[in-house]
Amino acid sequence: MVLEKEVFKEFEVAVGVGNVNDGEVITDVYAYNWCNEMFNFMEEKEPIPYSPRPKAVILPSTTEEVQKIVKLCNKYGIQFKAQSTGLGPWNSVSTDNSIIVDLRRMNRIVKIDKKNLYAVVEPYVSGAQLQVEIMKHGLNCHMPGAGPQVSPLASATSMNGPGFTSPSTGHSSRNVLGVEWVLPDGEIMKLGSWGLKNYPDWFIGDGPGPSLRGIMRGWAGAKSGIGIFTRVAVKLFPYPCSTDFKISGHSPNYDFKKPDFMRLYVIDCKNLKRLDEIIIEIEKEEISFMCSYLSGLAVMAIFANSIGQLMNLMPVGSLKSPLIIIIAARTKREYEYKQKVMDLIMQRYKLKDIIGKQYTPNSVFYGEALRSNLGLHGFIATGGFQSSCGVADSAKICLNTSQLNIPLKKIYIKKEALANDFGEGGWMSSYESGHYFHFESPTMFDQKNKHSVKGMAEYMVRSNQLHLLKHLGAPFFVEGDRMHDIFGPHMCNHNIWLRKIKTTFDPNNIADGGFYITPKKD
Amino acid sequence: MNKANKYSPENCKWVPQLQIKSQKYATICPAIDEYNFHPYSGGGKIIIALSYQMGRIKPSDELRDIVYKCTECGGCDVSCKFLNNLEPLEIIRELRERLVKDGCGPMPAQQKYIESVKKVNNPYNEPHEKRMDWLPNDVQTDPNSKILFYVGCTASYRRKEMAIATARVMNAAGIKFRLLEDETCCGSPVLRTGVKDVFLEAMNKNLDAIEALDVDTVVFTCAGCYDTFKVDYHLNRNYNFKVIHAVELFDELIRSGELKLTKEVPLTVTYHDPCHLGRNAERYEEWDGDEVQILPLVSINIPPKPKRCGAKGVYDPPRNILKSIPGLKFIEMERIMEYSYCCGAGAGVKSAFPEFALNTALTRLEEAEDTGADTLISACPFCSTNLQDGIKEKSSKLNFYDISELILMALGIDIGKIKEEAGEVA
């Protein structure tokens with residue numbers, strides 16, 4: 001269903017000729033996304049990787065243009081779905097009455113405040129772009145596990161946001177400061193110190209008055225279901241080591257000259273009980289740049305850049321309860337201190353580091369760790385991957401989630417719907433010195449194989465049910481009406497509250513709430 | 001197109017993440033940079049291929065426009081394959097071939113030059129008998145040489161200074177070479193638009209003519225012809241001679257002392273890697289293995305299948321040459337070698353979408369200017385034309401030379417005369 005001519009013209013006036021398109025090819029490509037097939041199956045539709053086609057795709061370049069688009073949507077009763085770097089089904093429209101607002105032309109780094117450690121970015125600035133600019137000032141930013149090619153703004157405002165460097169860069173939900181937000185009625189809301197009447201600046205995320213951060217993003221973001229975020233300030237952190245990188249050679253076998261004060265440890269904690277103690281011990285000391293528990297296959301994946309290489313990494317894949325730790329420092333003294341602390345912890349728990357003995361990674365691993373590229377390795381084995389579970393809690397709950405999920409996953413591995421990771425596929429990382437942890441279970445399936453897609457979808461549904469049965473907290477994918485209404489009664493009726501927020505902020509139901517919530521129920 | 005239905009994490013729009021050196025020069029795809037909508041990117045074109053295969057979209061002007069607004073530079077291919085085993089460039093090419101078969105391609109402007117190739121053996125509709133007019137009287141050729149200089153249509157008719165300079169450098173080094181009397185278009189501009197049958201005809205004509213001679217090496221000054229002979233001919237028909245680009249020959253001659261660069265060239269230069277000489281000049285390695293399922297859903301290639309990531313392009317020879325010129329200062333741009341940014345001219349874009357080609361050149365020129373260089377060097381007549389068009393358009397202060405012209409300067413040969421000769425016969 002395309003736009004009526006007059007409506008098309010009005011959008012064109014708002015954003016300029018050439019920036020609105022309702023052609024069959026353009027809209028069909030925007031209907032495609034990774035994992036749409038799985039969500040289609042969950043909705044009892046054909047498991048193809050396409051959502052409904054958007055009515056049109058629109059490319060604004062300023063906040064004012066976004067406002068105009070949203071106001072036109074209200075005028076004509078058309079829904080909108082905004083996307084920035086566009087990774088994942090959450091960027092797809094859920095009805096055939098929606099347009100896509102592609103924020104690609106909003107790609108400016110508005111401000112880097114070196115002194116107060118924050119940067120203000122627009123939606124299409126990628127993590128890698130922000131990182132490379134702040135690295136020039138010796139600074140780093142948090143990068144979600146999805147990789148450096150995705151938008152820090154999207155992660156901070158609208159998605160979940162765990163990442164591999166979490167011990168030193170936190171979580172997207174905690175890193176968001178001032179926000180500029182085009183509400184579903186077209187008005188602009190400024191959050192935090194950016195909303196101050198006098199001397200507005202971006203340095204605080206909460207207030208003025210009651211903080212709206214929870215309403216804006218909650219646990220996993222509204223995926224554009226509550227408006228469009230056009231600028232956001234995110235926290236910056238000191239880069240953990242020298243930023244004077246040397247990378248040579250050619251793709252894919254780049255050589256990376258590891259900075260002087262950087263060391264990788266891969267240790268086997270032997271069992272998860274010990275791992276729980278050890279990871280907390282390490283994180284309490286605040287020495288790690290990266291510290292993650294990964295299942296055997298996931299450890300193999302982060303060290304490989306092809307399936308062939310992955311299969312040659314059995315020695316690291318056979319570790320029972322591995323911890324991957326990177327320490328990095330700016331000075332020799334700091335480096336020695338961190339190593340000394342690690343040595344003491346390792347002595348106390350009788351741990352052995354396999355790096356340099358049983359295994360030595362290619363130098364490019366260090367480059368990928370520093371440039372936050374490791375998450376993309378999840379696609380190596382089958383080409384398709386998605387995470388189930390997804391919990392933020394204590395290490396114990398996270399590891400318990402991991403263990404309880406194994407028998408379920410094994411059912412689908414036995415059915416040959418999922419790739420065999422012995423049911424263990426898992427990634428857990430710590431936040432804020434071990435105060436809380438994030439766990440998810442990356443699971444490999446084949447997008448081209450219907451049996452695999454159906455199996456993956458069933459497994460996802462049953463994984464979520466498991467969270468309820470075993471009281472494991474809210475998983476990643478509590479999205480859309482159906483899931484919120486299942487989980488709501490078990491979680492303080494959050495679905496009722498969420499719907500109230502939606503209807504208050506979006507009285508005309510203009511922001512496509514397919515992956516958020518819609519006002520249709522009481 | 002069976003490879004189309006796979007996840008692509010959108011790396012296709014960026015240079016390989018580890019190589020991003022600034023926000024300004026982080027992107028790799030000229031098409032998405034120009035047109036912004038996702039379908040213009042490598043990933044977007046993979047989705048188009050899937051949609052077309054599934055019958056979700058039909059042949060249309062819209063489809064043709066999007067598919068042909070791509071320089072086939074292969075940037076998406078390199079970035080994607082750092083971790084994935086997708087083949088974006090192969091999919092784009094196959095998609096064009098499919099559109100041609102379905103009567104939806106190529107673009108009208110491209111069809112015009114394809115007719116010209118069929119009629120007069122060059123895409124410029126120039127008389128075939130004037131093909132050798134670039135050759136100055138004092139350039140020595142040897143009809144019995146084992147080395148053939150394949151000049152190509154663009155250097156023969158449009159960038160004569162490249163043909164002349166290459167010939168003169170070979171003369172200066174004492175390299176005897178011959179020319180192909182009945183040289184015809186290599187077929188590159190035809191192949192890139194998806195018109196495979198006309199390409200195969202051109203290929204067979206050239207290979208038959210060259211194989212009838214007693215030559216063991218063919219030298220190219222045109223990166224496009226070189227890539228086509230080296231990679232595309234090789235994919236379609238075996239031949240019994242070696243192909244090298246002039247920069248490879250000159251680098252060898254400089255290193256062996258046969259070519260002595262003694263004259264100071266006081267320029268600060270930066271070098272633009274042509275896609276045809278860089279990442280796309282990597283041959284597909286033969287692989288006679290099997291895809292073996294080792295676990296449910298997990299397959300590996302046995303033996304491992306070589307990944308064509310652009311690593312084996314011609315990168316060092318031009319750089320070695322520049323570094324061996326006395327008095328010359330060489331500075332790199334940010335996007336180089338296998339992740340170089342395209343000049344914007346390739347795959348029929350210059351003829352069908354001149355504005356897109358020019359804008360891409362302007363982007364590349366800005367990157368060259370940002371290095372602080374006063375001179376831009378390259379080794380491809382298409383890049384030369386498009387980048388010089390860009391220099392003119394933006395009134396840039398950059399000089400532009402083909403690398404062979406720079407060698408002549410370092411040999412103390414007046415290149416003003418060459419420009420004159422090229423101008424006279426242009």
Side-chain angles (χ1 to χ4, degrees), chain A residues 19 21 23-26 28-30 32 34 48-50 57 59 85-87 102 104-105 109 125-126 128-130 132-133 147-149 247 250-254 256 305-308 311 364 367-368 371 373 376-377 379-384 413 416 418-420 444-449 452, chain B residues 2 5-11 13-14 16-23 26 32 35-39 44-45 47-48 50-51 54 56-58 60 62-63 65-67 78-79 81-86 294-302 304-305 307 309-313 315 337-339:
Chain A
N19 294 313
N21 197 307
E24 178 191 60
V25 181
I26 296 279
D28 202 59
V29 170
Y30 278 89
Y32 174 96
W34 159 58
I48 54 170
Y50 293 86
V57 182
L59 296 161
T85 40
L87 174 66
D102 181 345
R104 188 186 144 76
R105 292 170 72 216
I109 295 175
V125 174
S126 78
Q129 284 181 308
L130 174 61
V132 79
E133 292 303 331
Q149 81 287 6
I247 183 154
H250 299 281
S251 176
N253 302 311
Y254 289 120
F256 181 77
N305 71 359
S306 70
I307 179 70
M311 287 301 158
V364 75
E368 289 199 83
R371 297 296 292 265
N373 210 42
L376 299 181
H377 289 242
F379 295 91
I380 288 174
T382 58
I413 290 170
E416 302 193 354
L418 304 180
N420 191 355
M444 293 166 289
F445 70 108
D446 185 350
Q447 276 183 276
K448 294 185 297 179
N449 176 332
S452 180
Chain B
N2 290 329
N5 187 8
K6 270 199 136 185
Y7 165 74
S8 162
E10 311 228 330
N11 280 323
K13 294 170 182 168
W14 312 99
Q17 299 291 330
L18 291 173
Q19 293 288 12
I20 291 178
K21 298 180 183 77
S22 72
Q23 188 200 15
I32 183 93
Y35 297 106
N36 283 310
F37 290 101
H38 181 51
K45 289 193 171 81
I47 300 168
I48 290 177
L50 177 66
S51 292
M54 289 173 73
R56 292 174 60 89
I57 53 175
K58 303 276 175 294
S60 65
E62 181 201 6
L63 174 63
D65 257 38
I66 296 170
V67 172
V78 168
S79 297
K81 282 196 256 185
F82 175 66
L83 279 178
N84 290 296
N85 58 359
L86 296 175
I294 48 167
L295 294 167
L297 309 181
V298 180
S299 302
I300 62 169
N301 295 317
I302 300 177
K305 190 176 178 184
K307 232 182 187 183
C309 288
K312 293 175 186 159
Y315 304 119
M337 297 190 276
E338 78 273 14
Y339 56 97

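Order of the sequence lines sets the chain letters (A, B, ...), proteins ahead of strands, with each chain counted from 1.
Only the side chain of A/Ile48 comes within less than 4.5 Å of a heavy atom in chain B; its backbone stays farther off. Interface remark: A/Asn449 contributes side-chain atoms only to the contact with chain B (heavy atom separation under 4.5 Å). With a 4.5 Å cut-off on non-hydrogen atoms, A/Ser251 touches chain B through its backbone and its side chain both. Heavy atoms of A/Glu24 lying under 4.5 Å from chain B belong to its backbone as well as its side chain.
Within the 4.5 Å cutoff, side-chain heavy atoms of B/Leu50 are placed close to those of A/Tyr50. The closest side-chain heavy-atom distance from B/Ile66 to A/Ile26 is below 4.5 Å.
A distance of 9.0 Å separates CG of A/Asn253 from CZ of B/Phe82, quoted to the nearest 0.5 Å. Rounded to the nearest 0.5 angstrom, B/Asn85 CG and A/Ser306 OG are separated by 9.0 Å.
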* To do: Please test A/Asp102 against B/Phe37 for side chain to side chain contact (heavy atoms under 4.5 Å, CB included), starting from the C-alpha separation and ending with a verdict.
  => CA-CA 8 Å; A/Asp102 181 345; B/Phe37 290 101; 5.5 Å; no
* Full working for side chain to side chain contact (heavy atoms under 4.5 Å, CB included) between B/Lys13 and A/Thr85 -> CA-CA 10 Å; B/Lys13 294 170 182 168; A/Thr85 40; over 6 Å; no
* **Criterion side chain to side chain contact (heavy atoms under 4.5 Å, CB included) on B/Val78 and A/His250, from CA distance to verdict** => CA-CA 10 Å; B/Val78 168; A/His250 299 281; over 6 Å; no
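Atom NZ of B/Lys21 has more than 12 heavy atoms from other residues, nucleotides or ligands within 6.0 Å.
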